[in-house]
Amino acid sequence: MNFWRKYHSDIDSNDPRYNQLTLIYAIALLMVLYFGAIGLLNITLFDAAYIAVYDFIGFVIATSIFLYVYRGGNLAVAGWALVLTLITILLAFIDLSEAENYSLVWVTILPPISFFLLGSRAATILTGLVFIYCGWYLYQLLQIGVPGHLGLGALFNFAEVGLAHILLFRFYERSRQRAYDKLRKLSITDRLTGVYNRLHLDNNLKQMVALAHRTQQPVSVLLLDVDHFKNINDSHGHLMGDAVLVHLASLLKNLSRNTDLLGRWGGEEFLLLCPNTEASAALYLAQRIIKALQKEHTYRGANQQQVTVAVTASIGVATYHPQQPFVVPAAISEQAATSSIPTDNDTVVTPEVAVAISEKLLYIADKHLYQAKEAGRNRAIG
Ligand SMILES: Nc1nc2c(ncn2[C@@H]2O[C@H](COP(=O)(O)OP(=O)(O)OP(=O)(O)O)[C@@H](O)[C@H]2O)c(=O)[nH]1
């Protein structure tokens with residue numbers, strides 16, 4: 001594992017926060033080195049201890065931000081701390097130099113950093129305020145006679161460059177965010193039914209298990225498989241089969257809670273993840289689904305023909321309760337004696353244990369589903 005992300009193992013390179021994390025580290029590290037070096041020079045070579053005090057403050061703040069992020073701190077908090085520190089330093093620098101040598105141009109580095117770390121809205125407001133302040137500052141200098149050959153034209157140029165920067169970076173950030181949202185939605189959605197896909201369910205089940213462990217609440221999974229789906233396809237065509245799956249997805253969505261996570265697990269299989277749900281409640285939900293499905297429904301197949309079909313399904317249910325030892329029942333596992341998951345009373349569950357518990361939950365649900373099929377289908381077993 002990359003040492004930068006030791007305490008941020010949930011952020012992989014596909015996550016937009018990955019680049020934010022890298023930028024925070026880079027800027028904080030640059031600031032640490034810059035203030036450290038300049039501070040030392042100010043004390044030793046330039047005999048300017050009073051300026052070194054500012055360097056020391058900058059050094060301490062940058063080091064704190066660096067360590068805060070390194071120890072797994074909240075990225076949004078670190079981003080704000082970094083941008084506000086930068087603004088303070090830039091304004092102090094401009095003020096100390098009285099905008100000589102075009103030091104004002106340094107504020108143009110703010111938009112790219114702010115938009116990237118704080119998002120479009122906050123960055124627009126914050127950088128807008130800074131640019132307005134700098135414009136006003138420049139105007140004040142013009143009133144008293146400006147050093148460094150700045151004229152009224154410079155004020156206009158500065159205002160225009162500032163506005164262009166804000167608008168361009170806002171446009172860039174918003175289109176980047178929209179493209180990311182669209183791609184992410186596509187990558188976690190099942191195209192036919194519009195519910196989540198297997199990848200998303202897989203990732204979320206692990207997180208749900210870890211959360212269940214922390215909050216000491218049970219988590220249940222329902223694995224549903226349409227009965228004799230092949231017959232529906234064969235008798236009424238593939239399009240009708242698709243329509244059945246779409247209807248089933250919306251029925252499951254309506255019957256489940258907002259906090260449950262529904263997805264398509266495979267061809268005619270759906271998985272429902274139910275946090276904070278006891279085994280008895282999960283089985284009750286499964287039975288409600290079976291009952292709701294038994295009602296006949298009219299589907300539209302090839303050539304727009306309408307056919308009324310009664311679809312049934314079988315459901316396997318499994319529950320993980322953090323306060324109880326998690327053992328696969330002997331009836332469904334030949335390795336039952338070795339399949340107890342070592343979870344102690346600690347409220348933190350390691351990623352490896354979360355994966356093991358998730359796999360075992362799915363294994364049990366799958367076995368229960370198999371038993372429901374064997375017992376004649378159209379039923380739930382938990
Ligand atoms: N229409 C349609 N059919 C699909 C889709 N994905 C998988 N299938 C079909 O689902 C059928 C699954 O058949 P089986 O695995 O034999 O299961 P079954 O007929 O439901 O029988 P049991 O599960 O034992 O009750 C296959 O015919 C697949 O072609 C899909 O997206 N759309």
Side-chain angles (χ1 to χ4, degrees), residues 183-205 220-256 260-274 282-283 285-318 328-329 331-334 359 361-382:
L183 270 180
R184 177 169 159 74
K185 190 153 189 273
L186 272 179
S187 74
I188 61 173
T189 307
D190 173 56
R191 283 184 73 176
L192 174 66
T193 59
V195 297
Y196 290 118
N197 62 16
R198 185 171 183 141
L199 175 78
H200 191 64
L201 290 171
D202 236 347
N203 291 338
N204 274 273
L205 179 55
S220 293
V221 302
L222 277 69
L223 186 59
L224 177 150
D225 185 289
V226 182
D227 295 331
H228 299 306
F229 190 58
K230 191 172 179 319
N231 292 349
I232 298 175
N233 270 336
D234 292 347
S235 327
H236 306 290
H238 224 259
L239 268 184
M240 176 77 75
D242 285 355
V244 168
L245 294 178
V246 171
H247 171 247
L248 182 56
S250 77
L251 185 133
L252 289 172
K253 196 125 200 82
N254 289 339
L255 287 176
S256 52
D260 297 343
L261 207 75
L262 170 68
R264 187 161 168 212
W265 194 240
E268 82 292 18
E269 274 188 332
F270 288 86
L271 185 71
L272 191 58
L273 309 180
C274 309
L283 198 58
L285 171 62
Q287 271 146 6
R288 276 180 57 212
I289 293 170
I290 300 275
K291 213 163 172 190
L293 254 183
Q294 283 164 350
K295 289 186 192 130
E296 289 192 332
H297 186 78
T298 305
Y299 299 96
R300 204 181 286 274
N303 306 325
Q304 298 296 304
Q305 107 231 47
Q306 297 208 349
V307 183
T308 304
V309 188
V311 177
T312 67
S314 305
I315 304 179
V317 180
V328 178
I332 57 171
S333 171
E334 51 296 339
E359 282 173 359
L361 258 177
L362 292 173
Y363 175 79
I364 297 173
D366 194 47
K367 290 294 166 195
H368 283 157
L369 172 61
Y370 180 76
Q371 286 177 355
K373 293 270 181 190
E374 286 287 289
R377 296 178 171 76
N378 192 21
R379 71 197 61 217
I381 290 190

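Owing to the predicted nature of the structure, the values given are computational and were not obtained by experimental measurement. What's counted below: heavy atoms across the whole structure, side chains too, no hydrogens, waters or symmetry copies. One-based numbering, in listed order, for ligands and for the atoms of each.
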**Student:** Arg191 side chain to Gly194 main-chain N or O, any donor-acceptor pair under 3.5 Å?
**Tutor:** no
**Student:** Rounded to the nearest 0.5 Å, what separation is found between the CZ atom of Phe229 and the CD1 atom of Ile232?
**Tutor:** 6.0 Å
**Student:** Does the separation of the ring centres of Tyr299 and His297 fall below 6.0 angstrom?
**Tutor:** yes
**Student:** Among all protein heavy atoms in this structure, tell me which lies nearest to atom 12 (C) of ligand 1, with the distance rounded to 0.1 Å.
**Tutor:** Glu268 OE2, 3.4 Å
**Student:** On a heavy-atom basis, I'd like to know which of Ala372, Gly266, Gly267 is closest to atom 6 (N) of ligand 1.
**Tutor:** Gly267
**Student:** Looking only at distances, can you tell me whether any N or O atom of Leu245, backbone or side chain, sits closer than 3.5 Å to an N or O atom of ligand 1?
**Tutor:** no
**Student:** Mark the output for Glu269 as yes if a heavy-atom distance to ligand 1 is under 4.0 Å, and as no if none is.
**Tutor:** no
**Student:** At what distance, to the nearest 0.5 angstrom, does CG of Asp190 lie from NE2 of His200?
**Tutor:** 12.5 Å
**Student:** Short list, please: which atoms of ligand 1 are under 4.0 Å from a heavy atom of Gly241?
**Tutor:** 1 (N)
**Student:** May I ask you to identify the nearest protein heavy atom to atom 22 (P) of ligand 1, giving residue, atom name and distance to one decimal place in Å?
**Tutor:** Lys373 NZ, 3.4 Å
**Student:** Rounded to the nearest 0.5 Å, what's the gap from CG on Leu262 to CG on Leu273? Could you check?
**Tutor:** 8.5 Å
**Student:** Starting at CG of Asn197, measure out to CH2 of Trp265 and round the result to the nearest 0.5 Å.
**Tutor:** 10.0 Å
**Student:** Would you confirm whether any non-hydrogen atom of the protein falls under 4.0 Å from atom 26 (C) of ligand 1?
**Tutor:** no
**Student:** Numbering the atoms of ligand 1 from 1, which are under 4.0 Å from a heavy atom of His228?
**Tutor:** 18 (P), 19 (O), 20 (O), 21 (O), 22 (P), 25 (O)
**Student:** Using a 4.0 Å heavy-atom cut-off, say whether Arg377 meets ligand 1 through its side chain, its backbone, both or neither.
**Tutor:** side chain
**Student:** Give me the nearest non-hydrogen protein atom to atom 4 (C) of ligand 1 as residue plus atom name, then the distance to 0.1 Å.
**Tutor:** Phe229 CE2, 3.5 Å
**Student:** Between Asp227 and Lys373, is there a salt bridge with N-O shorter than 4.0 Å?
**Tutor:** yes
**Student:** Quick one: look at Asn233 and ligand 1, take heavy-atom pairs under 4.0 Å, and tell me if it's side chain, backbone, both or neither.
**Tutor:** side chain
**Student:** Run the numbers on Leu293 and Leu248 for side-chain contact (heavy atoms from CB on, under 4.5 Å), then give the verdict.
**Tutor:** CA-CA 8 Å; Leu293 254 183; Leu248 182 56; 3.8 Å; yes
**Student:** Closer than 4.0 Å to some heavy atom of Asp225 - which atoms of ligand 1 meet that?
**Tutor:** 23 (O)
**Student:** Report the nearest protein non-hydrogen atom to atom 31 (O) of ligand 1: residue, atom name, distance rounded to 0.1 Å.
**Tutor:** Arg264 NH2, 2.6 Å
**Student:** Identify the closest protein heavy atom to atom 32 (N) of ligand 1: which residue and atom is it, and at what distance?
**Tutor:** Asp242 OD1, 2.7 Å
**Student:** At what distance, to the nearest 0.5 angstrom, does OG of Ser314 lie from CD1 of Ile290?
**Tutor:** 6.0 Å
**Student:** Would the distance check show the side chain of Arg379 and the main-chain N or O of Arg377 forming a donor-acceptor pair, the cut-off being under 3.5 Å?
**Tutor:** yes
**Student:** I'd like to check whether Val226 has a polar contact with ligand 1, where a contact means an N/O of the residue lying under 3.5 Å from an N/O of the ligand.
**Tutor:** yes
**Student:** Any N or O on Lys230 sitting closer than 3.5 Å to an N or O of ligand 1?
**Tutor:** yes
